[in-house]
Amino acid sequence: MDDRALLQELEPTVARLLDHHLAKAKEWFPHEMVPWSRGRDFQPDEVWDPEEYAVPDEVRSALFLNLLTEDNLPYYFHTIQNVFGDGAWGEWARRWTAEEGRHAIVIRDYLTVSRALDARVLERARMRQVSDGITPEPENPADTMVYVTLQELATRISHMNTGKLLTDRPGYEVMARVAADENLHYLFYRGVTDAAMEIDPSMVVLAIDRQVREFAMPGTGIDDFVQHHDHILLPLVVRHWRLESLEGLSPEAEEARQRVLKHVSRVGSAAGRLRARREREAQLVDAR
Ligand SMILES: [Fe+2]
Ligand SMILES: [Fe+2]
């Protein structure tokens, strides 16, 4: 099926999912979530003191990467607009951009007042990131749908995990609020991908094969096999997209299906080893 015909056939689904999204999405205000009373003035050239907000380095780097991904949204918008075109798709892409902008606002304001990151380093990194303007550019609509579905899910997980590791309530609430939005984005793209699957399962399985094996989300901090396997590959790729039981695939898509399943089981084994190692370490700590 050619790209234009696919997108045209999906248009009513996109319009329906957009309506659903607008009905579900709650209005919220970044300025009402930021603990402003913890803020203060900064002197030019002031040196950042990490002790002002003590938190492990991994949490700082997750916050840093998550925010830079949100900042990079003009380029995601560009990719989405290019691949999907206008109409209901365009309406979705503009709304989505506005929501992602809200994420960048609330996280940056929170970081500025909590001083969990060095604001100078962060601003320089934002300049660099946006000046480079690099985003993944999947080659066709099916690959793009699969990619953004994986990406929104990974982003949801990453924001949520990061929020849980913050030591203050407002920080947790900011990240949980953003994660709730990412969940709606995920459901939108998953719904579109489901509809494409109904139209042409082989095309979507080929896209899943390419995207799942290549998937490395810049900025989500999901480099953990356990998270990746238990919260993305198994529930979404295997169960939701029914990878094991799909019928009527072309020979090429059949091979792709086998490759994805093999990939999932490899990641699953790595996850199992990591889980066992963590359990052993936890027991050692308990025994002390
Ligand atoms: Fe976001
Ligand atoms: Fe999102």
Side-chain angles (χ1 to χ4, degrees), residues 14 17-18 20-34 59 61-84 88-112 117 122 125-126 129-130 133-138 143-164 166 171-194 211 215-222 227 231-232 236:
V14 171
L17 288 166
L18 174 61
H20 181 75
H21 175 82
L22 294 174
K24 282 257 169 192
K26 286 197 194 78
E27 188 182 32
W28 58 276
F29 297 94
H31 75 282
E32 292 174 4
M33 305 202 69
V34 176
V59 180
S61 73
L63 285 165
F64 180 78
L65 292 171
N66 288 5
L67 178 53
L68 289 183
T69 304
E70 303 286 351
D71 284 331
N72 215 27
L73 67 94
Y75 303 101
Y76 285 93
F77 176 81
H78 182 251
T79 302
I80 289 172
Q81 182 91 338
N82 261 354
V83 175
F84 295 134
W89 274 114
E91 215 178 301
W92 160 259
R94 291 188 295 276
R95 166 76 194 204
W96 173 87
T97 302
E99 292 187 9
E100 299 293 1
R102 191 181 262 167
H103 300 168
I105 292 168
V106 77
I107 298 174
R108 177 165 283 97
D109 286 346
Y110 165 73
L111 290 174
T112 305
L117 292 184
L122 187 59
R126 187 192 66 81
Q129 169 97 344
V130 180
I134 296 166
T135 48
E137 291 193 38
D143 278 71
T144 308
M145 284 165 212
V146 170
Y147 172 76
V148 286
T149 306
L150 292 167
Q151 191 222 24
E152 294 286 357
L153 177 57
T155 312
R156 179 194 90 190
I157 296 168
S158 181
H159 284 311
M160 199 62 229
N161 288 345
T162 308
K164 284 183 192 155
L166 292 174
Y172 167 78
E173 275 163 11
V174 162
M175 300 313 280
R177 182 62 260 181
V178 172
D181 278 11
E182 310 297 13
N183 190 49
L184 293 181
H185 298 165
Y186 160 62
L187 293 176
F188 174 89
Y189 287 123
R190 193 185 74 179
V192 177
T193 311
D194 291 350
Q211 295 305 316
F215 190 70
M217 232 314 266
T220 59
I222 304 219
Q227 299 282 348
H231 300 292
I232 297 181
L236 171 63

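As the structure lists them, so they are numbered: ligands from 1, and atoms in each ligand from 1.
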Check: [Y] and [X] side chains under 4.5 Å, non-hydrogen atoms:
X	Y	result
Trp89	Val192	yes
Pro136	Tyr76	yes
His159	Ile107	yes

key: Contact summary for Phe64 and Ala125, nearest pair of heavy atoms   =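 Scanning both residues, the minimum pair turns out to be CZ-CB, 3.4 Å.
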For the student: nearest non-hydrogen atoms of Glu152 and Trp96, plus distance =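 Closest approach of Glu152 to Trp96, heavy atoms only: OE2-NE1, 2.8 Å.
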request  = Would you mind naming the N, O or S atom of Glu152 nearest to the Fe ion (ligand 2)?
outcome  =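 Nearest N/O/S atom: OE1.
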ask   = Protein N/O/S atoms under 2.8 Å of the Fe ion (ligand 1)?
value =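 Glu70 OE1, Glu70 OE2, Glu100 OE1, His103 ND1, Glu182 OE2, with waters left out.
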query = Can you say whether the rings of His185 and Trp92 are parallel (under 30°), tilted (30 to 60°) or perpendicular (over 60°)?
reply =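 His185 and Trp92: perpendicular rings.
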